[in-house]
Amino acid sequence: MTYHQPITIAVAKGRLLRNTLPLLARIGIQPLVVDMDQTRKLILETSQAQIRLLLIRATDVPTYVQWGAADFGITGKDTLLEHGGANLYEPLDLQIARCQLWVAGYPDTDTRIQRLRVASKYIRTSQAFFQARGQQINLIKLYGSMELAPMVGLADVIVDLVESGNTLQANGLVPLEHICDISARLIANKAAWKMKQATCRYWVDALQAVLSSESA
Ligand code: PRP
């Protein structure tokens, strides 16, 4: 059994990538580009000849892995909750890029009213949260800068990620209800997991060892 089958890893660009690269470096995977911030390349060869990275939007990572265009992916749990997880394994919580998903708005907002107007890019997660307690809501899909919605009367509350809390605070908003904790996850294509079992196992074990040594 070989441990050296080709592996493609889809990684989310941006903030998540800055957390992901040091972790990959610790298991000996480093992109062969001089300046990560400047490169316009979307496929990166790495210091491991059989491993390449795809640089894509966080929300597209599950799609590439689901369809087998990438064997592994690294993206946030928020993105995975929205995707639904079809055809994916989630073998590891990478314990990086930690934040929380909250219902947020102005202090004293009654979040329990029927027909609460909720603005978010997390449509599925928002729907599930309010539905679980039998509350009907009006959902407004946004793609960013969600904090603006209550401020201009577009929505009563938002459902958004909170890390430091600075963005909410700067706009006079507060976290109202905690939905769940978020962190980056390693995901794997189910077919690749079976067909390249030894190789997949090898890299997951390597990552697990690094995570265990950090939390020890
Ligand atoms: C995220 C999130 C909040 C902010 C929270 O936005 O949507 O706006 O970070 O971080 P904080 O609690 O540390 O202030 P991001 O910067 O990813 O941009 P977005 O508005 O496009 O989602």
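In listed order, ligands and their atoms are each counted from 1. Keep in mind that what you see is a predicted model, and the values were worked out from it rather than measured.
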Going by an N to O cut-off under 4.0 Å, is there a salt bridge joining [X] and [Y]?
X: Asp71; Y: Lys196; answer: yes
X: Glu90; Y: Lys77; answer: yes
X: Arg26; Y: Glu214; answer: yes

Check whether the side chains of Ser215 and Gln95 place a donor and an acceptor atom closer than 3.5 Å, and report yes or no. no
Among all protein heavy atoms in this structure, tell me which lies nearest to [atom], with the distance rounded to 0.1 Å.
atom: atom 13 (O) of ligand 1; result: Ser164 OG, 2.6 Å
atom: atom 5 (C) of ligand 1; result: Leu161 O, 3.4 Å
atom: atom 20 (O) of ligand 1; result: Ser145 N, 3.0 Å
atom: atom 14 (O) of ligand 1; result: Thr167 OG1, 2.4 Å
atom: atom 21 (O) of ligand 1; result: Gly144 CA, 3.9 Å
atom: atom 15 (P) of ligand 1; result: Arg15 NH2, 3.6 Å

Which atoms of ligand 1 sit under 4.0 Å from any heavy atom of [X]?
X: Glu147; value: 3 (C), 8 (O)
X: Val162; value: 12 (O)
X: Asp160; value: 2 (C), 3 (C), 7 (O), 8 (O)

Does any N or O of ligand 1 fall below 3.5 Å from an N or O anywhere on Gly165, backbone included? yes
Is the closest protein non-hydrogen atom to atom 7 (O) of ligand 1 under 4.0 Å? yes
Is there a donor-acceptor pair under 3.5 Å between the side chain of [X] and the backbone N or O of [Y]?
X: Glu177; Y: Trp102; result: no
X: Thr109; Y: Thr111; result: no
X: Arg15; Y: Ala97; result: no

Among Glu163, Lys121, Met146, which one puts a heavy atom closest to atom 22 (O) of ligand 1? Lys121
Within 6.0 angstrom of Lys190 NZ, more than 12 heavy atoms from elsewhere: yes
